[in-house]
Amino acid sequence: MSAYGLIVRMWVRSTLAYRASFVMMTVGNFAACALDFVAIMLMFSQIDALGGFSLPEVAFLYGTSGVALGLADLLLGSMERLGRRVRDGTLDVLLLRPAPVFAQVAADRFALRRLGRITQALLVLGWSVSRLDVEWTAGRVLMVPLMVLCGAAIFGSVFTTGAAFQFWAQDAAEVQNSFTYGGNALLQYPPTVFAKDLVRGVTFLVPLAFVNWLPALRLLGRDDPLGLPGWADFLGPGVAVLMCAGAALAWRRGLRAYRSTGS
């Protein structure tokens with residue numbers, strides 16, 4: 001964590017040296033992400049419900065998934081560049097430094113502009129919470145930040161596992177992106193609009209459903225389309241821990257398998 005923090009501070013100072021550029025890039029990131037929600041609002045201008053979910057409920061799914069991915073992308077989004085380092089041999093430089101390779105790769109070119117995605121998703125989440133027809137008890141209030149943190153851990157483990165796979169594949173960034181950014185696009189919509197086979201896949205194979213689908217169904221009082229027992233809605237923290245442990249194991253095995261380019 002110390003090495004990660006030092007590298008992040010270096011990149012943040014570098015970014016803030018050009019404040020106007022940073023502001024424009026952050027606003028651009030905010031606007032690009034906002035277009036996704038504009039598309040949802042345009043859709044609801046023609047319909048009253050999507051898969052039985054109202055606009056505030058869909059906005060809640062959008063916000064929780066967007067904040068979770070935004071945090072993971074901010075902290076670990078640079079992992080997708082690992083394939084390039086493996087191909088050109090520049091990973092060898094990181095191996096020679098007295099700091100963990102994972103920290104160096106994760107903090108490399110830390111992009112503070114990604115705060116635009118988080119800010120936009122937080123605004124949508126705040127709006128949705130104020131419009132939901134939910135009786136907010138202390139437990140339900142705590143579910144929202146817990147959902148976001150567990151979702152960020154799950155997305156972060158997918159970033160790490162995808163990076164570890166690149167030790168063998170060397171060019172698999174798009175495969176990784178299909179599960180992270182693609183998974184986020186999937187989780188923005190209710191599970192009821194998708195085929196049950198797809199819902200089973202993101203529940204049991206790549207458990208992205210625990211980012212927001214299952215806990216949100218509990219919070220909103222909706223039925224689970226797969227008919228899972230009620231306690232499954234509270235497995236998010238356990239799934240996040242297991243996925244992080246699996247990602248750590250995959251990373252260690254991948255790093256040990258690295259043989260350089262010989263150049």
Side-chain angles (χ1 to χ4, degrees), residues 1-12 14 65 68-111 114 149-187 198 200-211 235-263:
M1 293 300 296
S2 176
Y4 179 87
L6 287 172
I7 298 171
V8 165
R9 282 195 292 271
M10 177 190 70
W11 283 108
V12 169
S14 174
S65 176
L69 177 67
L71 289 172
D73 193 29
L74 178 68
L75 299 175
L76 297 173
S78 298
M79 299 292 289
E80 65 184 19
R81 296 192 180 93
L82 180 65
R84 185 182 306 170
R85 286 190 174 277
V86 172
R87 291 195 304 274
D88 60 23
T90 55
L91 185 63
D92 294 2
V93 178
L94 306 187
L95 292 169
L96 296 174
R97 294 173 180 169
V101 177
F102 180 83
Q104 295 183 70
V105 175
D108 184 37
R109 298 187 179 277
F110 184 84
R114 291 169 177 158
L149 293 176
C150 291
I154 291 172
F155 275 126
S157 67
V158 175
F159 272 116
T160 302
T161 304
F165 179 64
Q166 294 188 58
F167 281 113
W168 292 280
Q170 300 184 6
D171 189 13
E174 293 306 318
V175 176
Q176 173 182 317
N177 291 342
S178 67
F179 290 103
T180 50
Y181 303 111
N184 175 59
L186 182 75
L187 297 176
L198 178 60
R200 290 189 186 96
V202 296
T203 302
F204 301 111
L205 296 180
V206 183
L208 296 178
F210 293 92
V211 171
L235 292 180
V239 171
V241 170
L242 288 175
M243 289 193 67
C244 287
L249 180 61
W251 174 263
R252 290 186 178 185
R253 293 194 63 180
L255 189 59
R256 289 172 182 172
Y258 178 65
R259 293 294 180 267
S260 186
T261 61
S263 60

- Query: Between Ala103 and Ala3, which heavy-atom pair has the shortest distance, and what is it?
  - Reply: CB-CB, 4.3 Å
- Task: Say whether, by atom type as modelled, one donor and one acceptor occur between the side chain of Ser157 and the main chain of Ile154 under 3.5 angstrom.
- Result: yes
- Tell me, do Leu91 and Leu94 make a side-chain contact under 4.5 Å, heavy atoms counted? yes
- Can you tell me if CZ on Phe179 sees more than 12 non-hydrogen neighbours from other groups inside 6.0 Å? no
- Message: Using only atom types and a distance under 3.5 Å, with no angle test, would you say the side chain of Gln104 pairs donor to acceptor with the backbone of Ala99?
- Response: yes
- Tyr4 side-chain N/O to Leu75 backbone N/O, donor-acceptor pair under 3.5 Å: yes
- Quick one: does Arg114's side chain have a donor or acceptor within less than 3.5 Å of a partner on Gly70's backbone? no
- The reported gap from CZ in Phe102 to OG1 in Thr160 (rounded to nearest 0.5 angstrom) is 4.0 Å
- Pair Asp108 + Arg85, salt bridge at N-O below 4.0 Å: yes
- Please tell me if the side chains of Trp251 and Arg256 come closer than 4.5 Å, counting only heavy atoms from C-beta onward. no
- Taking atom types as modelled, find out whether Arg200 and Thr203 have a side-chain donor-acceptor pair closer than 3.5 angstrom. no
- Verify the distance criterion only: is there a donor paired with an acceptor across the side chains of Asn184 and Ser65 at less than 3.5 Å? yes
- Rounded to the nearest 0.5 Å, what separation is found between the CG atom of Leu249 and the SG atom of Cys244? 13.0 Å
- Message: So, taking the atom named CG in Leu69 and the one named OH in Tyr181, what distance separates them when rounded to the nearest 0.5 Å?
- Response: 6.5 Å
- Query: In Å and rounded to the nearest 0.5 Å, what is the CG to OG distance from Leu186 to Ser178?
  - Reply: 11.5 Å
- How long is the gap from CE on Met243 to CZ on Phe155, to the nearest 0.5 Å? 9.5 Å
- Query: So which heavy atom on Ala68 is nearest to which on Val211, and how close?
  - Reply: CB-CG1, 4.2 Å
- Item | Side chain Ser14, main chain Met10, donor-acceptor under 3.5 Å | no
- Task: Please tell me if the side chains of Thr180 and Asp73 come closer than 4.5 Å, counting only heavy atoms from C-beta onward.
- Result: no
- Task: Rounded to the nearest 0.5 Å, what's the gap from CG on Leu76 to CZ on Phe110? Could you check?
- Result: 10.0 Å
- Under 3.5 Å, side chain of Gln166 to main-chain N/O of Leu82, donor-acceptor pair present? no
